[in-house]
Amino acid sequence: AYATATDPRLARFQRNDPGTLTDMGLFGNGSVGGDFAGDDFSQVYAIANNDPFNSADDTLVAINTTTGITTTLGPLGDPPGFESFGDMSYDPVTQQMYAISSYVDFFGTGGNTLHTVDLATGVATVIGTLTSPVPRQIDGMAFDGSGTLYGEDLWTQELVTIDVDALSINTVAATDVWPEFNTGMDWDPATNQMVISIWRTAEGGELRTIDLTTGQTTLIGGLGTTI
């Protein structure tokens, strides 16, 4: 697995040992999410967060998983309104990369927008606004092996599904942990499990599996903090 660590730096780690990080070099200003495209594990695509306060400057990059060398593919484009990009995930069924942008405030205003991402140019194309009966902030998302898109909603602390055809967000269950920010999700085809990374001030970063029916998580281990 791959992550951005302090400085920020790119690091990799084994799923069963998330506390041991292997340094892969400097990585700009960090990333809010990324994914592999299918079975090509020679490079991982990521959203490069070039300006933490302005998603209009975000770009799509490809990272060589052997050398750590980063290639900029192009700007994603500015998401709607005050939204910022939260994560990106590849659909193994349709072979399409998706990204999500979100914004919510204490007045309940804002929204979530689903995008497709062109892996050649980096351009994120708006599919549409996602509907939901309650305000949401989707911070992490991932497709399972059958093409169902799941997400972690920081606003309601719920596991949700995201219907890419109906453009709707639907509650699965409340989660048993309350992530504060920087959530990531990915499907492990070797174990048929969804893995989620979370950050909480007291506990720091953690890697967990999450039950896609109950929302309950199981700790794998704490994420390393130094390289």
Connected via hydrophobic side-chain network under 4.5 Å: M88 and L149: no
Is there a side-chain contact between T217 and E206 in this structure, where contact means two heavy atoms from C-beta onward sitting under 4.5 Å apart? no
OH-CD distance between Y90 and Q96, expressed to the nearest 0.5 angstrom: 8.0 Å
Do V117 and L76 make a side-chain contact, defined as non-hydrogen atoms from C-beta onward lying under 4.5 Å apart? yes
Rounded to the nearest 0.5 Å, how far apart are CG of N64 and CD of Q43? 7.5 Å
So do the side chains of V164 and I127 get within less than 4.5 Å of each other, counting heavy atoms only? no
Side-chain donor/acceptor of T183 to backbone N/O of D139, under 3.5 Å: no
N192, CG atom: more than 12 neighbouring heavy atoms under 6.0 Å: yes
In terms of the angle between their ring planes, are F41 and F36 parallel, tilted or perpendicular, with boundaries placed at 30° and 60°? perpendicular
Residues forming a side-chain hydrogen bond (donor to acceptor under 3.5 Å, both in side chains) with N170, sequence neighbours excluded: S168
Say you draw a straight line from CD of Q193 to CD1 of I210; how long is it, rounded to the nearest 0.5 Å? 11.5 Å
Out of Q157, E158, M141, which one pairs with E152 under the side chain to side chain contact (heavy atoms under 4.5 Å, CB included) rule? Q157
Spacing of OG1 belonging to T218 relative to CG belonging to L207, to within rounding of 0.5 Å: 11.5 Å
Is there a side-chain contact between L212 and L159 (heavy atoms, below 4.5 Å)? yes
d(E83 CD, N112 CG) to nearest 0.5 Å is 6.5 Å
Establish whether W187 and Y150 are linked, either directly or via other cluster members, by ILVMFWY side-chain heavy-atom contacts under 4.5 Å. yes
Please check if any side-chain donor atom of T156 sits under 3.5 Å from a side-chain acceptor atom of R136, or the reverse. yes
Same cluster or not: M185 versus W199, using hydrophobic residues (I, L, V, M, F, W, Y) connected whenever any side-chain heavy atoms lie under 4.5 Å apart? no
In the structure I gave you, are the side-chain heavy atoms of H115 and T113 within less than 4.5 Å of one another anywhere? yes
Among I169, I138, T171, side chain to side chain contact (heavy atoms under 4.5 Å, CB included) partner for S132: I169
Determine whether I220 and P18 make a side-chain contact, defined as any pair of heavy atoms from C-beta on separated by less than 4.5 Å. yes
